[in-house]
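Just so we're on the same page: letters track the sequence lines, and every chain starts at 1.
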Protein chains: 2
Amino acid sequence: MSQHRHPGAPGRAGAVPALPELPEATVARLPEYLRALHAIAETGHETVSSEGLANAAGVNSAKLRKDLSHLGSYGTRGVGYDVALLIEQIESVLGLTQCRSVALVGVGNLGHALAGYDGFASRGFRIAALLDADPSRVGEEINGLVVRHVDELARVAVEESISIGVIATPAPAAQAVADQLVAVGVTSILNFAPCVLSVPEGVDVRKVDLAIELQILSFHEHRKASLTALPGGLAATDTQEAIGT
Amino acid sequence: MSQHRHPGAPGRAGAVPALPELPEATVARLPEYLRALHAIAETGHETVSSEGLANAAGVNSAKLRKDLSHLGSYGTRGVGYDVALLIEQIESVLGLTQCRSVALVGVGNLGHALAGYDGFASRGFRIAALLDADPSRVGEEINGLVVRHVDELARVAVEESISIGVIATPAPAAQAVADQLVAVGVTSILNFAPCVLSVPEGVDVRKVDLAIELQILSFHEHRKASLTALPGGLAATDTQEAIGT
DNA sequence: TAGATTGTTAATCGATTAACAATC
DNA sequence: TAGATTGTTAATCGATTAACAATC
């Protein structure tokens, strides 16, 4: 679900260097390709075929080639893709050439874990600030960062040039936090609270809801159980799904 | 990305009570509707219009009605949907009428948080077992559960009738854990490790990768920055996206 | 009956896929 | 040249959306 509209280029016919249009589904897969490419680079391979990269990323090779073709032509027919070059290209498209600073609001159970998650640092992000509304949590040190009160958000956002806000508060607090983030100029939010956020146009919100993932699995589990109970027995079923597509 | 194929009904023409075919995109939204319905129920409303429910769930009403129409006709023209009835229906379709038991493998940073996450219990899931490969972690008590060694998985799976496995290990350990889960009969896996799992047909895997979510936001942030830098100025941009669709 | 709202239709859009010509 | 593999085409599929007839 996304409601992106990107009019190629407003005004001034001819003068505007149109941004490369990327389908949302492609954007969502680029990070997976990037991860796979890093893994391949570590094994020492300098090139990789679309087939090889597709396998490592869990997609089919036609989709991979189609996706990469949106970035331009960085492969060599008969040979494959230069691993280092492709990493560069994807990182550049995703805007990962600069390290992005993240403010994490809500240092409860989940917030704690996120604050300590090393997968962020290793992939281009820096948790630059931890905030919480609970005064008893302010001052606590987590992973070398001191928790500050959420009211300091405006100051923190400027000091740390925050690029992305992560909400890990309970659901009832999430909308207010989102409003505060928007008010200080944050235009990208990752929301772990199980609720819908309303934000102005131009602000991107992505949502991760752990219970929803389990419920989707529950559906398939339920259906598989029904199928095996059927006289026909086991029908052919499924394999893998990924999220965020 | 999903590769589901569900041949309506194998064999025995006419005799098989075909399962209601649900589009994957619809399945992925049902849990969100369910959450919204619970919220509405708490405010005391007994019915809700497609418009009202759609707003609460962050989708448009046409999509909501289309989705619900796949479940059958549980609305009343001119009136709306009976909240309690619709909750029942969706829970039944998702297989949530029975509480499902979850085994969580890997009690590091993230695993700890997941073990303590109350959003699971309140939405039909019970963390029934915690496992880890690290002997120094075995025996630790988290949230009233004692961590057991992952080698005990087979026994635990039977004892607790595990329905879903959650992998929260480092990436290099994830495939082996998946293999073990599959070996003891688990057919639904939620994977938090940043890697692709290979599993046999009939096993469903969903993946949550926190860094990937940030990278997708980074892309949009990057593009917004480029747009504002353009002579044309601010182009109309986007609003909200959800994940797992 | 008049007003409201569903369930469904049909058009549109975007994503996937297989196949293959281009080309290293 | 022969073999390999990309980049692109075109067909297919599934999801979204607006509009409205059905009906409470």
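- For R35(B) (side chain) and I212(A) (main-chain N/O), no donor-acceptor pair under 3.5 Å exists by modelled atom type.
- The nearest heavy atom of DNA chain C to T26(A) and to S49(B) marks one nucleotide each, and the one closer to the 5' end goes with S49(B).
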(request) Any chance you could lay out the side-chain contact (heavy atoms from CB on, under 4.5 Å) test for F219(B) and V93(A), step after step, and finish with the verdict? (result) CA-CA 7 Å; F219(B) 168 80; V93(A) 166; 3.9 Å; yes
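- D67(A) has its CG atom 11 Å from the P atom of dT17(C), to the nearest Å.
- Rounded to an integer number of Å, the gap from NZ of K63(A) to C1' of dG7(D) is 18 Å.
- Evaluation of the side-chain hydrogen bond (donor to acceptor under 3.5 Å, both in side chains) rule for D67(B) yields T26(B), R29(B), Y33(B) as partners, not counting sequence neighbours.
- One can place CD of E51(B) at 13 Å from C1' of dT17(D), the figure rounded to the nearest angstrom.
- For A173(A), the side-chain contact (heavy atoms from CB on, under 4.5 Å) partners two or more places apart in sequence, or in a different chain, are T169(A).
- Atoms OH (Y74(A)) and C1' (dT23(C)) sit 19 Å apart, rounded to a whole Å.
- For DNA chain D, the neighbouring residues in residues 78-92 of chain A, judged by any heavy atom under 4.0 Å, are G78(A), V79(A), G80(A), Y81(A).
- For H45(A), the NE2 atom is loosely surrounded, since the number of other residues' heavy atoms within 6.0 Å does not exceed 12.
- Scanning for side-chain hydrogen bond (donor to acceptor under 3.5 Å, both in side chains) contacts around D209(B) gives R123(A), with sequence neighbours left out.
- Atom-to-atom, CD of E24(A) to P of dT16(C) comes out at 12 Å; the value is rounded to the nearest Å.
- Counting only distance, with no hydrogens or angles, the side chain of S218(B) and the backbone of L94(A) share a donor-acceptor pair below 3.5 Å.
- At the phosphate of dT6(C), OP1 or OP2 sits under 4.0 Å from a side-chain N or O atom of S50(B).
- A distance of 4.0 Å separates NZ in K224(A) from OG in S188(B), rounded to the nearest 0.5 Å.
- When each of L53(A), T43(A), L37(A) is tested with V83(A) by the rule side chain to side chain contact (heavy atoms under 4.5 Å, CB included), just one qualifies, namely L37(A).
- Look at CG on N60(B): it is 12 Å from P on dA19(D), rounded to the nearest Å.
- Counting only Watson-Crick and G-U wobble pairs whose two key distances fall under 3.5 Å, DNA chain C forms stems of three or more stacked pairs at C:3-24 with D:3-24.
- When the options I189(A), L190(A), I167(A) are evaluated for a side chain to side chain contact (heavy atoms under 4.5 Å, CB included) with V205(A), the one that passes is I189(A).
- Following rounding to the nearest Å, L71(A) (CG) and dG7(D) (P) show an atom-to-atom distance of 10 Å.
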Expected rows: protein N/O vs nucleotides 8-13 of chain C N/O, under 3.5 Å:
none

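- A donor-acceptor pair is defined here as one N or O able to donate and one able to accept, closer than 3.5 Å; no such pair exists between the side chain of D118(B) and the backbone of S122(B).
- If you take CG of L68(A) and C1' of dT5(D), they are 13 Å apart, rounded to a whole angstrom.
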